[in-house]
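Read the structure below first, then the notes.
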Amino acid sequence: MMPPAVVPDAAWLQNPRQAAACRRRLLAWYGEHKRDLPWRRSDDPYAVWLSEVMLQQTRVATARSYYERFLQRFPTIFDLAVAAEGEVLKAWEGLGYYSRAQNLQRAARVVVADHDGKLPDTYAGLLALPGIGPYTAAAISSIVFDRPHPALDGNVMRVLCRLLRLEGDPRRTPARVQMIRAGEALMPKTGTGDLNQALIELGARVCLPTRPRCAECPVTNWCRARAELDDPSVLPMRPRRKERPHLQVTAGIIRRAGKLLIAQRPPGGMLAGLWEFPGGKQEPEESLAECLRREIMEELGIIIDVEEEIACVDHEFTHLSITLHAFAARYRSGRTRAIACSAFEWIDVGRLHDYAIPRADHLVLEALTAGGASLHDFINRE
DNA sequence: AAGACGGGGGG
DNA sequence: CCCCCAGTCTT
């Protein structure tokens, strides 16, 4: 069927002939343009699941190498289930949103314990697992089990908001209901995973956030935003940006008898479960050295001598930015205890690479190296 | 319904 | 700089 000569009204997708025509265009375009990605070569539910979790809020180019390495390290769901959490976090190091890794392993343990290691084959069953929300449940259930659930990720929401000219916030229920209805209308009898991936791919490569390539779009003739708006890219409506506070943060490179002190961040918050050079936020009317002494006492119960600042790096998070000041420091007195951290260790410097460490702390290490020094120098001096 | 949660790439 | 990415969880 040819595309309609006139852009149809909002109900066009409920016309089965129109929906079928649009679906054929999408699938044909996907057949020609789909990228050869590692997870598309696999029909292992565990591998598809891993890819979907890694791709949450993460670009394909970033996730790709992590996916390959993770699968080598944990080839099956059983390997993941029995692994130590630290090993899993280490494999996730640098990818961000570390609760994804922890939830992935929790879910793996549930699946092994309760489902004989087989992933649930329904949307509802998948949704019940930790780390699997509406998008991921729809993606896995369609790609692996051919279930007809539209997968509304950021790409698909953008495509559908424009196609249907939805003016509301796509995260809110009214717009979501419209998008789910449209996705279901587009769903084929079989091959639902391809339809979902076609919409995702279209959003990622053609229906771009700021400069949509409407001339290359296979369904441009169905697009209400294209037909009715001067600038289709005003959709979807974006929630207003929030400003990011900037913090001064200290970290101690603390030595004692040739060992280095590292602390594990507590569960629930930022970078939960990762290991870092201990320290914390500077408070008003407080010097950086005072800040570091106070934080180390509060977190670990020991008194330290703070020496000179040996590195200073800037780092951006989604919701805040920091300047991280690293100081050389020496243990003076007190018994080390995990008061405001999950755990601590006095380690040999060479063992640092066994621990999952936040990006900002890696930046400190790089700054030391760039300055011609090394962690080893600071731990073994005096 | 709103905020927290990492890090990085592209315009 | 700003946007936003194959979102989920908590409150």
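The figures here come from the full heavy-atom set of this structure, side chains too, leaving out hydrogens, waters and symmetry mates. Please read all numbers here as calculations on a predicted model, not as lab measurements. Chain letters run A, B, ... following the sequence lines, proteins first, then strands; residues in each count from 1.
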(request) Just call it for A/Trp39: base, sugar-phosphate, or nothing, with non-hydrogen atoms closer than 4.0 Å on any strand. (result) base

(request) Applying salt bridge (Lys or Arg N to Asp or Glu O under 4.0 Å), run through A/Glu201 and A/Lys34 and close with a yes or a no. (result) CA-CA 7 Å; A/Glu201 198 88 347; A/Lys34 73 190 266 188; over 6 Å; no

(message) Rounded to whole Å, how long is the line connecting atom CD of A/Gln56 with atom P of B/dG8?
(response) 18 Å

(message) If I take atom CG in residue A/Leu274 and atom C1' in nucleotide B/dG7, what distance separates them, rounded to the nearest angstrom?
(response) 12 Å

(request) Report the nucleotide, chosen from B/dG11, B/dG7, B/dC5, that has the shortest atom-to-atom distance to any side-chain atom of A/His319. (result) B/dC5

(message) Tell me the interatomic distance from A/Arg35, atom CZ, to C/dC5, atom P, rounded to whole angstroms.
(response) 13 Å

(message) Pairing check on B/dG6: which nucleotide meets the Watson-Crick or G-U wobble criteria with it, both distances under 3.5 Å?
(response) none

(message) With ring-ring contact (aromatic ring centres under 6.0 Å, His included) as the test, pick out the partner of A/Phe70 among A/Tyr66, A/Tyr67, A/Phe74.
(response) A/Phe74

(request) Under 4.0 Å between any heavy atoms, over every strand shown, what does A/Gly133 touch: base, sugar-phosphate, or nothing? Just pick one. (result) sugar-phosphate

(message) Side chain of A/Arg171 only, heavy atoms from C-beta on: which candidate in C/dT8, C/dA6, B/dG6 is closest?
(response) C/dT8

(request) Could you work out which one of B/dA1, C/dT8, B/dG9 sits closest to the side chain of A/Pro134? (result) C/dT8

(request) Using whole Å, report how far CZ of A/Arg172 lies from C1' of B/dA2. (result) 13 Å

(message) What's the closest nucleotide to the side chain of A/Pro358 if the choices are B/dG7, C/dT8, B/dG8?
(response) B/dG7

(message) Can you say whether a donor on the side chain of A/Thr318 sits under 3.5 Å from an acceptor on the base of B/dG6, or the other way round?
(response) yes

(message) Does B/dG9 have its OP1 or OP2 closer than 4.0 Å to a side-chain nitrogen or oxygen of A/Thr62?
(response) no

(message) Rounded to whole Å, please give me the gap between CZ in A/Arg176 and P in C/dG7.
(response) 11 Å

(request) Report which part of the nucleic acid A/Gly268 touches: base, sugar-phosphate, or nothing (heavy-atom distance under 4.0 Å, all strands). (result) nothing

(request) Over all heavy atoms of both residues, which pair between A/Trp49 and A/Ala107 is shortest? Give the atoms and the distance, please. (result) CZ2-CB, 3.5 Å

(request) Send over the distance from A/Leu89 CG to B/dG6 P, rounded to a whole Å. (result) 11 Å

(request) For A/Leu95 and B/dG6, give me the distance from atom CG to atom P, rounded to whole Å. (result) 11 Å

(request) Under 4.0 Å between any heavy atoms, over every strand shown, what does A/Arg158 touch: base, sugar-phosphate, or nothing? Just pick one. (result) sugar-phosphate

(message) Tell me the interatomic distance from A/Leu55, atom CG, to B/dG7, atom C1', rounded to whole angstroms.
(response) 14 Å

(message) By nearest heavy atom, map A/Pro130 and A/Ser51 onto DNA chain C; which one lands nearer the 5' end?
(response) A/Ser51

(request) Side chain of A/Met270 only, please: which of B/dC5, B/dG7, C/dC4 is the nearest? (result) B/dC5

(request) Mark yes or no for a side-chain to base donor-acceptor pair under 3.5 Å between A/Tyr97 and B/dG6, with no hydrogen or angle criteria applied. (result) yes

(message) Restricting to non-hydrogen atoms, name the atom on A/Pro170 and the atom on A/Ala175 that form the minimum distance, rounded to 0.1 Å.
(response) CA-CB, 3.9 Å

(request) Determine the contact category for A/Leu271: base if any of its heavy atoms lies under 4.0 Å from a base atom, sugar-phosphate if only primed atoms, P, OP1 or OP2 are that close, otherwise nothing. (result) sugar-phosphate

(request) Report yes or no: is there a donor-acceptor pair, N or O only, under 3.5 Å between the side chain of A/Thr58 and the base of B/dG6? (result) yes

(message) Using a 4.0 Å heavy-atom cut-off, does A/Leu37 contact any base of the nucleic acid, only the sugar-phosphate backbone, or nothing at all?
(response) base

(request) Sticking with atom P, work out how far C/dA6 lies from B/dG3, rounded to a whole angstrom. (result) 24 Å

(request) For nucleotides C/dT11 and B/dG6, find the distance between their P atoms and express it as a whole number of Å. (result) 15 Å

(message) With nearest nucleotide decided by heavy atoms, which residue, A/Arg244 or A/Asn103, maps closer to the 5′ end of DNA chain C?
(response) A/Arg244

(message) Salt bridge or not between A/Glu228 and A/Arg162? Use side-chain N to carboxylate O under 4.0 Å.
(response) no

(request) May I ask you to evaluate whether A/Arg211 reaches the phosphate of B/dG11, defined as a side-chain N or O under 4.0 Å from OP1 or OP2? (result) no

(request) Give the minimum heavy-atom separation between A/Val219 and A/Arg25, together with the two atoms involved. (result) CG1-CB, 4.0 Å

(message) Less than 6.0 angstrom from the centroid, inside 45 degrees of the normal: does A/Arg100 satisfy that with respect to the ring of A/Tyr97?
(response) no

(request) Nearest-nucleotide wise, let me know which of A/Leu320 and A/Tyr66 is further upstream toward the 5' end of DNA chain B. (result) A/Leu320

(message) So, under a plain 3.5 Å distance rule, would you say the side chain of A/Arg59 forms a donor-acceptor pair with the base of C/dC4?
(response) yes

(request) Give A/Phe317 one of three labels, base, sugar-phosphate or nothing, depending on what nucleic acid heavy atoms sit under 4.0 Å from its own. (result) sugar-phosphate

